[in-house]
Amino acid sequence: MTALPASGREWHLAARPHGWPKPEDLALREVPVTEPGEGRILVRNKHFSVDPYMRGRMNDVKSYAPPYKLDHPMDGGAVGEVVASNADGFAVGDHVLHGLGWREYAQVPARYAVKVDASLAPLSAYLGVLGMPGLTAYAGLFEVASFKEGDTVFVSGAAGAVGSQVGQLARIKGASRVIGSAGSDDKVKLLVEEYGFDAAFNYKSGGSVKEQLKKAAPDGIDVYFDNVGGEHLEAAISSFNLHGRATICGMISLYNSTEAAPAPRNLAQVIGKRLRLQGMLVGDHQALQPQFVKDVAGWLASGELKYRETSVEGIENGFDAFLGLLRGENTGKMIVTLN
């Protein structure tokens, strides 16, 4: 066993943000690194994830995930290497996926760590295409939205880690048409030319989402995968065919709002069109994990499924990576890679 460092750095929530998080709301602090306790492993993180849901956890409100505690380290998905073990089944040198990100060194209860194989895919892929965002896409499309061959599918935030995978899975499984929205012309080009979307539009510059969607899907849509909320959800309701299904996965357009957002103005159409709008949390779908990994690993190997990552180097840039994610500066999964 190699000698452990005396200390490591971790990001703490210093104050609860009002609106957009500010640099003073987070603090990068140095803390002692100690030998792992009984049943624990010490992991040197190599990559950690920043995700939109983390913005909600910065608020002191009751939700599906507990709020971050002030002056404590934040957490989230991470992959790293075991550097010390006091737990059966884990050895120094093993690579593991766990939930104590936002730090350089994590003392992880072994029951909450999962070994991953760095020879099958890059470690960072276990935070994205083979990780929580990938399972979100898979479960949200196939189980929640009840996708079936021949459906026309619309995905908002389609160049992100979840959205890009949703669109490709729909294409692989026989969608008649796949449409995506994204926040830049380069992302629109990526969706069509690399990911195989039939159509895509820039929601920031091309006019109203409603009109752009109607142009991209003149025969309407059957499935909507919502990562954005707001104007996008209203547009989807307008374009839905009878018995349309929406997976409400995220509403990133509202996460930094300081006032209550108005509901879609056309909600009454839910009745006449007999629509199903269903919220989802990926934690409800863990039973799909084995089938998800089997299917997605196969599609990655065959080249049918492609993915991108945006990697920000250095733990000191973790806050900037998180802000960049909220602004939509990432293409694919946003990852912080530790030196």
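In what follows, every heavy atom counts, from backbone to side chain, and hydrogens, waters and symmetry copies are set aside.
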Legend entry - Pair Ser176, Thr152: side-chain N/O donor-acceptor within cut-off below 3.5 Å: yes

Inset, instruction - Would you indicate whether the side-chain heavy atoms of Glu143 and Leu288 approach each other to under 4.5 Å? - result: yes

Inset, instruction - Spell out, as yes or no, whether a donor-acceptor pair under 3.5 Å connects the side chain of Asp226 to the backbone of Cys249. - result: no

Inset, instruction - State whether Lys46 and Glu81 are salt-bridged, where the test is any N-O pair (Lys NZ or Arg NE/NH1/NH2 against Asp/Glu carboxylate O) under 4.0 Å. - result: yes

Legend entry - Pairwise distance CG(Leu4) to OG1(Thr34) - rounded to 0.5 angstrom: 8.5 Å

Inset, instruction - Compute whether any side-chain donor of one residue and acceptor of the other, for Ser184 and Asp186, lie under 3.5 angstrom apart. - result: no

Legend entry - Residue pair Lys173, Lys148: steps toward the side-chain contact (heavy atoms from CB on, under 4.5 Å) verdict: CA-CA 8 Å; Lys173 283 294 193 175; Lys148 59 184 185 295; over 6 Å; no

Inset, instruction - Look up atom CZ in Phe322 and atom CH2 in Trp11, then write down how far apart they are to the nearest 0.5 Å. - result: 11.5 Å

Inset, instruction - Specify the closest pair of heavy atoms between Ile221 and Ala236, including all atoms of both residues, with the distance to one decimal. - result: CD1-O, 3.9 Å

Inset, instruction - Give a yes or no on this: more than 12 heavy atoms of other residues, nucleotides or ligands lie within 6.0 Å of atom CG of Asp88. - result: no

Legend entry - Sub-4.5 Å side-chain heavy-atom contact between Leu130 and Val296: yes

Inset, instruction - Ignoring hydrogens and angles, tell me if any N or O in the side chain of Glu309 forms a donor-acceptor pair with the backbone of Ile335 under 3.5 Å. - result: no

Inset, instruction - Determine whether Arg44 and Glu104 make a side-chain contact, defined as any pair of heavy atoms from C-beta on separated by less than 4.5 Å. - result: no

Inset, instruction - Take the angle between the ring planes of Phe154 and Phe201 and call it parallel below 30°, perpendicular above 60°, tilted in between. - result: parallel

Inset, instruction - Give a yes or no on whether Val336 and Val108 share a hydrophobic cluster (residues Ile, Leu, Val, Met, Phe, Trp, Tyr; joining criterion: side-chain heavy atoms under 4.5 Å apart). - result: no

Inset, instruction - Check for a donor-acceptor pair, side chain of Asn227 on one end and backbone N or O of Ser156 on the other, with a separation under 3.5 Å. - result: yes

Legend entry - Sidechain-backbone polar pair: Arg274 side chain, Leu242 backbone, donor-acceptor under 3.5 Å: no

Legend entry - Hydrophobic cluster membership, Tyr203 vs Val192, 4.5 Å side-chain cutoff: no

Inset, instruction - Please report the C-alpha distance between Gln165 and Leu141 in whole Å, then the side-chain angles of each, then the deciding distance to 0.1 Å, and finally whether the side-chain contact (heavy atoms from CB on, under 4.5 Å) criterion is met. - result: CA-CA 10 Å; Gln165 202 153 333; Leu141 181 65; over 6 Å; no

Inset, instruction - Give a yes or no on whether the backbone of Met74 and the side-chain of Arg103 come within a donor-acceptor separation of less than 3.5 Å. - result: yes

Legend entry - Side chain to side chain, Pro67 and Val61, heavy atoms closer than 4.5 Å: no

Legend entry - Thr247 side chain near Phe147 side chain, heavy-atom distance below 4.5 Å: no

Inset, instruction - Using a 4.5 Å cut-off on heavy atoms from C-beta on, say whether the side chain of Phe142 contacts that of Leu169. - result: yes

Inset, instruction - Check the hydrophobic clustering (I, L, V, M, F, W, Y; side-chain heavy atoms under 4.5 Å; chains of links allowed) and say if Val79 and Tyr112 are grouped together. - result: no

Legend entry - Linked, directly or transitively: Leu135 and Ile172 (ILVMFWY side chains, under 4.5 Å): yes

Inset, instruction - Rounded to the nearest 0.5 Å, what's the gap from CG on Leu123 to CG on Leu97? Could you check? - result: 10.0 Å

Legend entry - Student check: side-chain heavy atoms of His243 and Asp222 closer than 4.5 Å: no

Legend entry - Shortest non-hydrogen contact between Ala217 and Ile179, atoms and distance: CB-CD1, 3.4 Å

Inset, instruction - Please answer whether the main-chain N or O of Asp75 pairs with a side-chain N or O of Tyr68 as donor and acceptor at a distance below 3.5 Å. - result: yes

Inset, instruction - Using a 4.5 Å cut-off on heavy atoms from C-beta on, say whether the side chain of Leu323 contacts that of Pro21. - result: yes

Inset, instruction - Indicate whether any N or O donor in one side chain lies under 3.5 Å from an N or O acceptor in the other, for Ser253 and His232. - result: no

Legend entry - Polar side-chain atom of Asp151 near backbone of Val153 as donor-acceptor pair, under 3.5 Å: no

Inset, instruction - State the CG-CH2 distance between Asn256 and Trp20, to the nearest 0.5 angstrom. - result: 4.5 Å

Legend entry - Distance, nearest 0.5 Å, that separates OG of Ser239 from NZ of Lys210: 8.5 Å

Legend entry - Parallel, tilted or perpendicular, as decided by the 30° and 60° cut-offs, for the rings of Tyr195 and Phe197: tilted

Inset, instruction - Working to the nearest 0.5 Å, report the span between CG of Leu213 and OG of Ser181. - result: 8.5 Å

Inset, instruction - Would you tell me whether Ser124 and His47 have side-chain atoms, one donor and one acceptor, within less than 3.5 Å of each other? - result: no

Inset, instruction - For Val155 and Tyr224, run side-chain contact (heavy atoms from CB on, under 4.5 Å): C-alpha distance rounded to whole Å, both residues' side-chain angles, the deciding distance at 0.1 Å, then the answer. - result: CA-CA 6 Å; Val155 188; Tyr224 172 46; over 6 Å; no

Inset, instruction - I would like to know whether Ser7 and Glu30 meet side-chain hydrogen bond (donor to acceptor under 3.5 Å, both in side chains); could you show each step before the answer? - result: CA-CA 6 Å; Ser7 63; Glu30 197 153 324; 2.6 Å; yes

Inset, instruction - Compute whether any side-chain donor of one residue and acceptor of the other, for Arg276 and Ser146, lie under 3.5 angstrom apart. - result: yes

Legend entry - Main-chain N/O of Val209 paired with Glu231 side-chain donor or acceptor, under 3.5 Å: yes

Legend entry - For Phe48 against Ile315, the heavy-atom pair lying closest together: CE2-CG1, 4.1 Å

Inset, instruction - Output yes when Arg29 and Glu10 qualify as a salt bridge under the 4.0 Å nitrogen-oxygen rule, no when they do not. - result: no

Legend entry - Side chain Asp295, main chain Phe292, donor-acceptor under 3.5 Å: no

Inset, instruction - Indicate yes or no for a side-chain donor-acceptor contact from Lys214 to the backbone of Ala235 under 3.5 Å, with no hydrogens or angles considered. - result: no

Legend entry - Under-4.0 Å salt bridge between Arg9 and Glu316: yes

Legend entry - Nearest heavy-atom neighbours spanning His98 and Ala106: CE1-CB, 3.7 Å

Legend entry - Within one Ile-Leu-Val-Met-Phe-Trp-Tyr cluster: Met132 and Leu305, side-chain cutoff 4.5 Å: yes

Legend entry - Salt-bridge contact Arg308-Glu194 (side-chain N to carboxylate O under 4.0 Å): yes

Legend entry - Over all atoms of both residues, closest heavy-atom pair of Ala14 and Asp71: CA-OD1, 4.2 Å

Inset, instruction - Could you please spell out the steps behind the side-chain contact (heavy atoms from CB on, under 4.5 Å) verdict for Lys306 and Val129? - result: CA-CA 9 Å; Lys306 298 177 172 64; Val129 67; over 6 Å; no

Legend entry - Lys115, NZ: over 12 other non-hydrogen atoms inside 6.0 angstrom: yes

Legend entry - Tyr307 six-ring centre to Lys333 NZ/CZ under 6.0 Å and within 45° of normal: no

Legend entry - Set of ring pair (Phe, Tyr, Trp, His ring centres under 6.0 Å) partners for Phe225, sequence neighbours left out: none

Legend entry - Residue pairs, two or more places apart or on separate chains, that pass salt bridge (charged side-chain N to carboxylate O under 4.0 Å, His left out) and touch residues 11-28: Lys22-Asp25

Legend entry - Nearest heavy atoms of Val92 and Ser85, plus distance in Å: CG2-N, 4.5 Å

